[in-house]
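Worksheet for the structure shown next.
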Amino acid sequence: MHPSIEIESMPRYTTTAIVLHWLIALLIVCGFTLGLTMVDIPGLTPTKLKYFSWHKWIGVTVFGLACLRLLWRLTHRAPPYPPAMPAWQRKSASALHGLLYLLIFAVPLSGYLYSLAAGVPVVYLGLIPLPALIDTHREWKPVLEQVHYVLNMTLLAAVCLHVLAALKHQFVDRDDVLKRMLP
């Protein structure tokens with residue numbers, strides 16, 4: 001076990017990075033839960049249609065916040081890892097963060113393309129019609145549906161691994177890595 005490092009001496013993420021991290025995380029959990037719920041509703045009910053709209057709005061919001069998060073990250077370095085962290089863990093953490101960034105863009109984009117392929121426009125918050133990047137393609141619909149599903153399951157696995165790693169650092173290593181991202 002590593003000795004606990006005082007949080008005052010441990011560099012932290014910026015407030016903006018912390019807020020964006022937790023807001024995106026909350027929206028991903030909500031969007032994922034809503035997605036699982038809505039696909040289990042039989043038929044085409046008003047409730048199911050409302051859930052689909054909410055799901056799309058969450059996806060568009062995640063995509064927008066991910067753009068902000070990436071811009072922030074490109075202009076503000078992440079705090080360094082603790083000196084005692086092994087090199088393989090640093091490389092693994094960097095790779096997982098890269099995958100998470102990729103997925104927070106790819107999942108909403110794949111859902112957007114799936115919706116367009118199905119011939120269903122995306123109207124953000126019921127007010128702002130988003131441009132159709134592709135025309136309706138019924139033959140692409142099942143492919144894009146599967147891509148969206150696989151990307152979501154990959155995101156779920158990556159998020160679970162990310163959470164488990166943070167908890168390991170907090171409760172096993174006791175190196176305060178988690179505290180760098182806590183509000």
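This structure is a prediction, so every number in the text was calculated from the model and none was measured.
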- Any donor-acceptor pair under 3.5 Å from S115 side chain to G111 backbone: no
- Query: Would you say Y149 has more than 12 foreign heavy atoms packed within less than 6.0 Å of its OH?
  - Reply: no
- Item | F171/L178 under side chain to side chain contact (heavy atoms under 4.5 Å, CB included): CA gap, chis, key distance, verdict | CA-CA 10 Å; F171 298 111; L178 176 61; 5.6 Å; no
- Query: By side chain to side chain donor-acceptor pair (under 3.5 Å), which residues pair with H148, not counting sequence neighbours?
  - Reply: S110, N152
- Query: Looking at residues at least two apart in the chain, or sitting in another chain, which of them share a salt bridge (charged side-chain N to carboxylate O under 4.0 Å, His left out) with K168?
  - Reply: D173
- Task: Please answer whether the main-chain N or O of Y51 pairs with a side-chain N or O of H55 as donor and acceptor at a distance below 3.5 Å.
- Result: no
- Message: Using the side chain to side chain contact (heavy atoms under 4.5 Å, CB included) criterion, which residues pair with V39? Sequence neighbours excluded.
- Response: none
- Message: In the structure I gave you, are the side-chain heavy atoms of L155 and F32 within less than 4.5 Å of one another anywhere?
- Response: no
- Message: Tell me the closest heavy-atom pair linking M38 and K48, and the distance in Å.
- Response: O-CE, 3.2 Å
- Note on the structure: Rounded to the nearest 0.5 angstrom, the CG-CD1 distance for L65 and I58 is 11.5 Å
- Message: For P82, is there any backbone N or O sitting under 3.5 Å from a side-chain donor or acceptor partner on R90?
- Response: yes
- Task: Would you give the length of the straight line joining atom OG1 of T61 to atom OH of Y124, rounded to the nearest 0.5 angstrom?
- Result: 2.5 Å
- Item | Y81 vs S94, side chain to side chain contact (heavy atoms under 4.5 Å, CB included): CA-CA, chis, key distance, verdict | CA-CA 10 Å; Y81 294 116; S94 293; 4.0 Å; yes
- Query: Would you say T33's side chain and C30's backbone share a donor-acceptor pair under 3.5 angstrom?
  - Reply: no
- Minimal heavy-atom distance between Y13 and I18, with the atoms involved, is O-CD1, 3.6 Å
- Query: ring pair (Phe, Tyr, Trp, His ring centres under 6.0 Å): which pairs involve residues 83-103, sequence neighbours left out?
  - Reply: H97-H162
- ILVMFWY cluster, L34 and L103 together (side-chain gap under 4.5 Å): yes
- Message: side chain to side chain contact (heavy atoms under 4.5 Å, CB included) for L156 and V159? Distances and angles first, verdict last.
- Response: CA-CA 5 Å; L156 175 62; V159 166; 5.6 Å; no
- Side-chain heavy atoms under 4.5 angstrom apart, residues restricted to Ile, Leu, Val, Met, Phe, Trp, Tyr: same cluster for F63 and L20? yes
- Query: Would I134 and L144 count as a side chain to side chain contact (heavy atoms under 4.5 Å, CB included) if you check the C-alpha gap in whole Å, the side-chain angles of each, and the deciding distance to 0.1 Å?
  - Reply: CA-CA 12 Å; I134 61 171; L144 288 167; 4.3 Å; yes
- Task: Could you name each residue pair satisfying salt bridge (Lys or Arg N to Asp or Glu O under 4.0 Å) that touches residues 49-65, not counting sequence neighbours?
- Result: none
- Any sub-3.5 Å donor-acceptor pair from R69's side-chain atoms to I24's backbone N or O? no
- Note on the structure: Closest non-hydrogen contact found for L151 with A106 is CD1-O, 3.7 Å
- Task: Work out which heavy atom in A118 is nearest to a heavy atom in T136; give both atom names and the distance.
- Result: C-CG2, 4.2 Å
- Side-chain contact, heavy-atom cut-off 4.5 Å: L71 with T75? no
- Note on the structure: All heavy atoms of P121 vs all of L116, minimum pair found to be CA-CD2, 4.4 Å
- Query: Hey, any chance L27 and L125 share a hydrophobic cluster, counting ILVMFWY side chains that come within less than 4.5 Å of each other, even indirectly?
  - Reply: yes
- Message: Within the 4.5 Å heavy-atom criterion, are L44 and L49 side-chain neighbours or not?
- Response: yes
- Task: For K141 and Y114, indicate whether the former's side chain and the latter's backbone hold a donor-acceptor pair under 3.5 Å.
- Result: no
- Do L133 and V147 belong together in a cluster built from hydrophobic side chains that touch within less than 4.5 Å? yes
- Provide the closest heavy-atom pair for T45 versus P42 in the form atom of the first, atom of the second, distance. CG2-O, 3.7 Å
- Query: What pairs with W22 under ring pair (Phe, Tyr, Trp, His ring centres under 6.0 Å), at least two apart in sequence or on another chain?
  - Reply: none
- Do F105 and V62 touch side chain to side chain, with heavy atoms closer than 4.5 Å? no
- Query: Quick one: CE on M85 to NE2 on H169, what's the gap to the nearest 0.5 Å?
  - Reply: 4.0 Å
- Message: Using a 3.5 Å distance criterion without hydrogens, assess whether the side chain of R180 forms a donor-acceptor pair with backbone atoms of P79.
- Response: yes
- Query: Is it true that a side-chain atom of W72 and a backbone atom of T14 form a donor plus acceptor pair closer than 3.5 Å?
  - Reply: no
- Query: Are L182 and L26 linked, directly or through other ILVMFWY residues, by side chains that come within less than 4.5 angstrom of each other?
  - Reply: no
